[in-house]
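Below: the structure, in structure tokens.
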Amino acid sequence: QVQLVESGGGLVQAGGSLRLSCAASGRAFSNYAMGWFRQAPGKEREFVATISWSGGSTRYADSVKGRFTVSRDNAKNTVYLQMNSLKPEDTAVYYCASGYSGSGYTSTRDYKYWGQGTQVTVSS
């Protein structure tokens, strides 16, 4: 059974930083791309960042480019999202997801397994 468990969310002031982690089990973690998505109240889930199986390729939503960094440690079966210069509009539940293949994509349809999410709240 595949499990993805996010951690690291919380309350932070605007301009601050948080580092999210997602620990994976039950699957050959290093074979698959990983993605981060977020969902704010009343809005659809949206793409944030993705990283390929090797970590050699990353993609970001325009809204977070230059502020967020996705990385992975295949030895630890963990993917990270470093979030800097946080803004109130970054407030959302953040989800990690494991893809169907080694390449990272930006649609929710390209991800097979999902974590339960972790709340990030940025105060102004």
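Atom set for the values below is all heavy atoms of this structure, side chains included, hydrogens, waters and symmetry mates excluded.
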- Less than 6.0 Å separating the ring centroids of Trp36 and Phe68? no
- Message: side chain to side chain contact (heavy atoms under 4.5 Å, CB included) for Met83 and Val120? Distances and angles first, verdict last.
- Response: CA-CA 10 Å; Met83 306 186 295; Val120 172; 3.8 Å; yes
- Note on the structure: d(Lys87 NZ, Arg67 CZ) to nearest 0.5 Å is 4.5 Å
- CD/Glu46 to OG/Ser107 distance, rounded to the nearest 0.5 angstrom? 13.0 Å
- What's the spacing between Asp73 CG and Ser30 OG if we round to 0.5 Å? 11.0 Å
- Shared hydrophobic cluster, Tyr111 / Val64 (ILVMFWY, side-chain heavy atoms < 4.5 Å): no
- Item | Nearest non-hydrogen partners of Gln119 and Val93, listed with the distance | OE1-CG2, 3.2 Å
- Would you indicate whether Lys65, at its atom NZ, is surrounded by more than 12 heavy atoms from other residues, nucleotides or ligands within a distance under 6.0 Å? yes
- Is a side-chain N or O of Tyr100 found less than 3.5 angstrom from the main chain of Arg109, in a donor-acceptor match? no
- Is there side-chain contact between Lys76 and Ser21, with at least one heavy-atom pair below 4.5 Å? no
- Item | Nearest heavy atoms of Leu4 and Ala97, plus distance in Å | CD1-CA, 3.8 Å
- What's the shortest heavy-atom distance between Val70 and Thr50, and which atoms? CG1-O, 3.7 Å
- Leu81-Trp114 co-clustered via ILVMFWY side chain contacts under 4.5 Å: no
- With Arg45 as the cation and Tyr95 as the aromatic partner, state whether NZ or CZ is under 6.0 Å from the six-membered ring centre and within 45° of the axis. yes
- Do you know which two heavy atoms are closest between Gly26 and Val2, and how far apart they sit? O-CG2, 3.5 Å
- Give, for atom OH of Tyr113 and atom SG of Cys96, the distance between the pair rounded to the nearest 0.5 Å. 13.5 Å
- Please answer whether the main-chain N or O of Val5 pairs with a side-chain N or O of Gln116 as donor and acceptor at a distance below 3.5 Å. no
- Between atom CH2 of Trp53 and atom OH of Tyr32, what is the distance when rounded to the nearest 0.5 Å? 12.5 Å
- Query: Hey, does the side chain of Thr118 reach the backbone of Tyr94 with a donor-acceptor pair shorter than 3.5 angstrom?
  - Reply: no
- Task: Identify whether Leu20 and Phe47 are in the same connected component of the hydrophobic contact network (ILVMFWY, side-chain heavy atoms under 4.5 Å).
- Result: no
- Item | Residue pair Tyr60, Thr69: steps toward the side chain to side chain contact (heavy atoms under 4.5 Å, CB included) verdict | CA-CA 8 Å; Tyr60 297 91; Thr69 303; 3.8 Å; yes
- Message: Please find the pair of heavy atoms, one from Ala92 and one from Ala40, that lie closest to each other, and give the distance.
- Response: CB-N, 3.8 Å
- Query: Is it true that Met34 and Phe37 fall in one hydrophobic cluster, defined by side-chain heavy atoms closer than 4.5 Å?
  - Reply: no
- Thr106 and Arg59: side chain donor to acceptor below 3.5 Å: no
- Message: Can you give me the closest heavy-atom contact between Ala14 and Pro88, atom names plus distance?
- Response: CB-CD, 4.1 Å
- Query: About how many Å separate CD of Gln13 and OG of Ser123, when rounded to the nearest 0.5 Å?
  - Reply: 5.0 Å
